[in-house]
Structure formats: structure tokens, C-alpha cells
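To start, the structure itself, in C-alpha cells.
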Amino acid sequence: MNITRKKTTQSKRALEILATLEHLYPEATCSLTYETPVQLLVATILSAQCTDERVNQVTPNLFARFPDASSLANAPREDLEILIRSTGFYRNKAKNIQGACQKIVSEFGGEVPQQMEKLLSLPGVARKTANVVLAHGFGIIQGVTVDTHVKRLSGRLGLTKETDPIKIERDLMTLLPQPDWENFSIRIIYHGRAVCKARKPDCDRCKLAHLCPSAEIKSTR
DNA sequence: ATCCCGAGGG
DNA sequence: CCCTCTGGAT
């Protein structure tokens, strides 16, 4: 009973947070630029530990030369590395992009698969990347995208005590209605970038402060 | 737990 | 200098 009641309270608070975020960022969408599911997958792999702004800076040149899975699969590794270098982790990312595209060509007919298990079988693709591709590429809501922002804000907002992204995702999936899973993530990310920043969270201007156990109240001492 | 890794902010 | 940015594999 206690647990059920507690979960209900938390879930209600999660919904209030989501409602506030929807009001705050009505137009929030995936901020990566892409034309096809393959390009979305590649851009998402590139977005690891890197701002989406920087990803969008390299992908136009990348996709102009290697627009699809087969051209990426057959590209000289060094050309890929040079094109994506500024996004960091460029050797791993180039290897993973190429490996993923080779498998997409050889096993999935050159198209990004729409099943979670098949996506997870691609090198460099785990739940975060798979969730982004399924949601924004195909409109399939399979889980909650947990990136560095979702992880940080979920903790600060008291929506989870976990630190493992998989467990955080499980908590958020319990707290939120399935159709809103990606809506929540995308807006949390916007809020994490603009207000609830990693270094210096701007609690004074935060519209979620009244719902947040971590908000700093500066008037008390 | 550690490694991969560039770029920008403080 | 240190920290952070839509992580994933070993």
C-alpha cells in the first residue's frame, strides 16, 4: 500500500513536470538534421558526448559525399574520420558507423531495421541511440531516451535514484504514460541545455523549481 | 571502472 | 587548468 501510494504520487509529479515542459517547449523536436533513417542513425551515433550543434556542422558534408548505407559502408575509413573528426571519439565513431552500415546492407537490405533487437545488434548502437531512431525515424515509442541530460535532470528532479541509464529508463517508463516517453525526453533535453545545466543550474529561472527537490532556495540561509 | 577524443566555456 | 557535450564497448 505504501509503495503503491508512493508510486502514484511520483507519477503524478512526473506528469506535472511533463505538462510544464510541454508548455515551456511546445515546438521541441529532434534537433539533429537528417533526410533519411540511415542519416538519423549516423547523426545519433555522432552525437555521443558532443553537442547536436556540432553534429549538424559535419553531417552536411558527410551526407553530401556518403548519403546512404552502401556508400558509407564502402567509404575509405580515413575519409570518414576526417569528415567527423570535430565530433570527438572519431575513430570509434567512424568504425561503428561503417560497421553498422555494412550490416544494414548485408542483413537488412540497406534500410534501418525498425525492431529494437535488430538495432541493438548494430555496432555502436545501444538503447539511447535505438530509442532516438525508432521514435524520430519511425514514430515507434519503445522506451525512454536516456542521455546525459535525461540522466542528470531525472536525478535532480527526484524521479529516480538510479545511476545506470537502463535502470533510469525503467523507472521513467513506469512513471510516465507510454505515448509521452519521447515527448518527455526531448523536452527534458531542451530544459537541460537551456536552464538545468550541468555546471550551474539556473534554479532562479526554472519553471520546475516548485516541483524539484534539488532547487536551491536562495532566500533562506 | 576505463577508454575513446575534439571543442568550447569558465 | 577542469568540466561538459543527446554513449557505447571492453
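Because only heavy atoms are used, hydrogens play no part in the values below, and waters and symmetry mates are left out as well, while side chains stay in. Being a predicted model, the structure only gives us computed values, none of them experimental. Residue numbers start from 1 in every chain, and the chains themselves are labelled A, B, ... in the order their sequence lines are given, proteins ahead of strands.
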Task: Nearest-Å distance for atom pair CG/C1', residues A:Leu46 and C:dG8 - done: 13 Å

TODO: Kindly say whether A:Asn131 contributes a backbone atom to a donor-acceptor pair with the side chain of A:Gln142 at under 3.5 angstrom?
DONE: no

Open item on the list: How many whole angstroms separate atom CG of A:Leu120 from atom C1' of C:dG7?
Closed with: 13 Å

Task: side-chain hydrogen bond (donor to acceptor under 3.5 Å, both in side chains) partners of A:Arg156, counting only residues at least two apart - done: none

Open item on the list: Just to be sure I understand the geometry, which residues of residues 162-171 of chain A put a non-hydrogen atom under 4.0 Å away from DNA chain C?
Closed with: none

TODO: Would you classify A:Ile186 as touching base, sugar-phosphate or nothing, given that sugar-phosphate means primed atoms plus P, OP1 and OP2, and contacts are heavy atoms under 4.0 Å?
DONE: base

Task: Interatomic distance at P, B:dC3 relative to C:dT6, whole Å - done: 24 Å

Open item on the list: Strictly under 4.0 angstrom, non-hydrogen atoms only: write out the protein contact profile of nucleotides 5-10 of chain B, one letter per nucleotide from the 5' end, B, S or -.
Closed with: BBSSBS

TODO: Ignoring hydrogens and angles, tell me if any N or O in the side chain of A:Ser47 forms a donor-acceptor pair with the backbone of A:Thr44 under 3.5 Å.
DONE: yes

- [ ] Ignoring hydrogens and angles, tell me if any N or O in the side chain of A:Arg152 forms a donor-acceptor pair with the backbone of A:Cys196 under 3.5 Å.
- [x] yes

Task: Strand contacts (DNA chain B) in residues 128-151 of chain A, 4.0 angstrom heavy-atom criterion - done: none

TODO: For residues 146-192 of chain A, pull every pair meeting ring pair (Phe, Tyr, Trp, His ring centres under 6.0 Å), keeping only residues two or more places apart or in separate chains.
DONE: A:Tyr25-A:Tyr190, A:Tyr25-A:His191

TODO: By nearest nucleotide on DNA chain C, pick out whichever of A:Ala126 and A:Ala198 is the more 5' one.
DONE: A:Ala198

Open item on the list: Contact between A:Arg13 and A:Leu159 at the side-chain level, heavy atoms closer than 4.5 Å - yes or no?
Closed with: yes

- [ ] Ignoring hydrogens and angles, tell me if any N or O in the side chain of A:Thr160 forms a donor-acceptor pair with the backbone of A:Gly155 under 3.5 Å.
- [x] no

Open item on the list: Please confirm whether the shortest side-chain N or O distance from A:Arg127 to OP1 or OP2 of C:dG7 is below 4.0 Å.
Closed with: no

Open item on the list: Nearest whole Å is fine: how far is C:dC5 C1' from A:Asp52 CG?
Closed with: 9 Å

- [ ] Check whether any side-chain heavy atom of A:Lys93 lies under 4.5 Å from a side-chain heavy atom of A:Cys50, and answer yes or no.
- [x] yes

Open item on the list: Quick check: do A:Thr129 and A:Leu41 have side-chain heavy atoms less than 4.5 Å from each other?
Closed with: yes

TODO: Measure the shortest side-chain to side-chain distance between A:Leu153 and A:Leu208 over non-hydrogen atoms and say whether it is less than 4.5 angstrom.
DONE: no

Open item on the list: Of the listed nucleotides (C:dC5, C:dG7, C:dG8), which one gets closest to any side-chain atom of A:Ala48?
Closed with: C:dG7

TODO: Write down the distance separating the P atoms in C:dT10 and B:dC5, rounded off to the nearest Å.
DONE: 14 Å

- [ ] Apply side-chain contact (heavy atoms from CB on, under 4.5 Å) to A:Glu16 and list each qualifying residue two or more places apart in sequence or on a separate chain.
- [x] A:Lys12, A:Leu211

